[in-house]
Amino acid sequence: MNTTILTHIVRFVLLFILQVFILNYLEIGYGIHMMIYPIFILLLPVELNVFYLMLIAFGFGGLIDIFSDTFGMHASAAVMFAYFRPIIFKLFAPRDGYDILMETNMFQMGFGWFLRTFGILLLIHHLWFFILMIFRISEILYILQMTGLSAALSFILCILYQQLFLRKPKKEA
Amino acid sequence: MRNFLAFLRQFRVILFLALLQGIALTWYFTFLQYPRSQYLTSANAFSGAFYEMQHEITEFIHLKQNNDWLQKKVARLEARQVENLLKIDRENITVNDTLYMVQYVYTPAEVIKSTHTMRNNYFTINIGSVQGVKEGMGVFGINGVVGTIHSVDLHMSTVKTCLTENVNIAAMIEDSGEHGFMKWDGKNPRKGSLTGISNDRKVKKWSNVITRGSAGTFPRGLPIGKVQKTAPIEGKPLWDVTVLFAEDYRRIQRVFVIKNLLLEEQQRLENNINAPK
């Protein structure tokens, strides 16, 4: 149990540093703004109560807000992500339900599951974030462009993160 | 009462979501409406310390570039020195220092944090109220205007840059003298727009856009950029002037904070206009 908590704390710090000190500085153009921290909320334990989930997401998003001068946009979007996580999880639940011992990463749950759940959650998160950021109906196309492109890049980034930092399961013979 | 409790139990997740969203959105919209009333920004001591650390690590990467900039700046200033000017008529040109009075003082600062992809971009610089920075002072880069001071802490301050929607720096076109305010559409960090230019006169392409100095924030004539394009605004007798910024805000490292020594005098005079006689 303690190692699980420690893993999450280390992941918290790592993703925070990645987001605030590196990703915030990358500019690709076309309104792309990459965000890697939602993967942290996805990888929190499945059995975690949705209240704690939203509270943790709020705290994490708020901390990123303070460091990147975004005034609550990340906090709001992260809370949306956390709110929809149990709903989407239920929608795409495996046949025998979730194993409490398993972590919801792409190796243990399979890439298809990861693509569907995390893809949808990430789109919700990014859409909410960019709607808040622009906050103008007349620029809806620009919002959609930013959301689509940023979500695609963030998704690839999260796959890379899992490939690099997560333990891969041993192949069964 | 029991019904109420049952209601709470049934919708507790949604209510909790609404609570957290309420806090976050209040934070965001308070900032949008009253940008000056902010306290949770990167200018606070806690996050400021982190950025100071990061800045120390990445500083050397830009060393060469900064040296080039400084050299250019020195060269430009050197050219203005009286010793370097040729005296054409020794009788008429004398340097009398008492004829000039210093009005603007430049304090050098380093940018320790900057963004350029958001809708409103703020820089954090490493001088604060201890060094005499006050809210509303002008910030100038090496090539052009950067913005105005947004909030100040002891050793740090945030800058509201030209890359914010309503930076509202008073600007004018150098040749014709027509003036307006700078705005930014949130898309391209190289281009801003100058609003309030009436369309009964032609605006020449590539003419210089400079500060007007009317608010006392900047001296008159600091470069902002060049006119790249003019387009008519539908339904208004105004030009939509696209300005190519002189400063590249994506790479800026060193800035100067401009202090106007005569600002109080100007404000006192201008307040008299509205004061009842």
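A, B, ... follow the sequence lines: proteins, then strands. Residue 1 opens every chain.
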If you define the side chain from C-beta out and look only at heavy atoms, does anything of [X] sit under 4.5 Å from [Y]?
| X | Y | answer |
| --- | --- | --- |
| B:Trp27 | A:Asp65 | yes |
| A:Met54 | B:Val13 | yes |
| B:Leu17 | A:Val50 | no |
| A:Glu139 | B:Lys187 | yes |
| A:Leu26 | B:Thr117 | no |

Could you measure the distance from the [atom1] atom of [X] to the [atom2] atom of [Y]? Nearest 0.5 Å is fine.
| X | Y | atom1 | atom2 | result |
| --- | --- | --- | --- | --- |
| B:Ile23 | A:Phe58 | CD1 | CZ | 4.5 Å |
| A:Phe67 | B:Lys113 | CZ | NZ | 10.0 Å |
| A:Phe71 | B:Met118 | CZ | CE | 9.5 Å |

### Task
Go through the atoms of B:Arg250 and report whether side chain, backbone, both or neither lie under 4.5 Å from a heavy atom of chain A.
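Contact with chain A is through the side chain of B:Arg250 alone.
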### Message
Heavy-atom cut-off 4.5 Å, strictly under: side chain, backbone, both or neither for B:Leu25 against chain A?
### Response
side chain
### Query
Side chain, backbone, both or neither: which part of A:Phe84 has a non-hydrogen atom closer than 4.5 Å to chain B?
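It is neither, since no heavy atom gets under 4.5 Å.
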### Task
Search all heavy atoms of B:His116 against all heavy atoms of A:Tyr25 and return the closest pair with its distance.
NE2-O, 4.3 Å
#### Entry: Pick from A:Tyr30, A:Tyr83, A:Phe51 with the largest number of heavy-atom pairs that fall under 4.5 Å of chain B
A:Phe51
### Query
Looking at A:Ile32, A:Asn24, A:Ile28, A:Ile134, which one has more heavy-atom pairs under 4.5 Å with chain B than the rest?
A:Ile134
### Task
Walk me through it: do B:Arg119 and A:Arg136 pass the test side chain to side chain contact (heavy atoms under 4.5 Å, CB included)?
CA-CA 12 Å; B:Arg119 173 44 64 105; A:Arg136 207 167 280 166; 3.9 Å; yes
### Query
CD1 of A:Ile137: more than 12 outside heavy atoms within 6.0 angstrom?
no
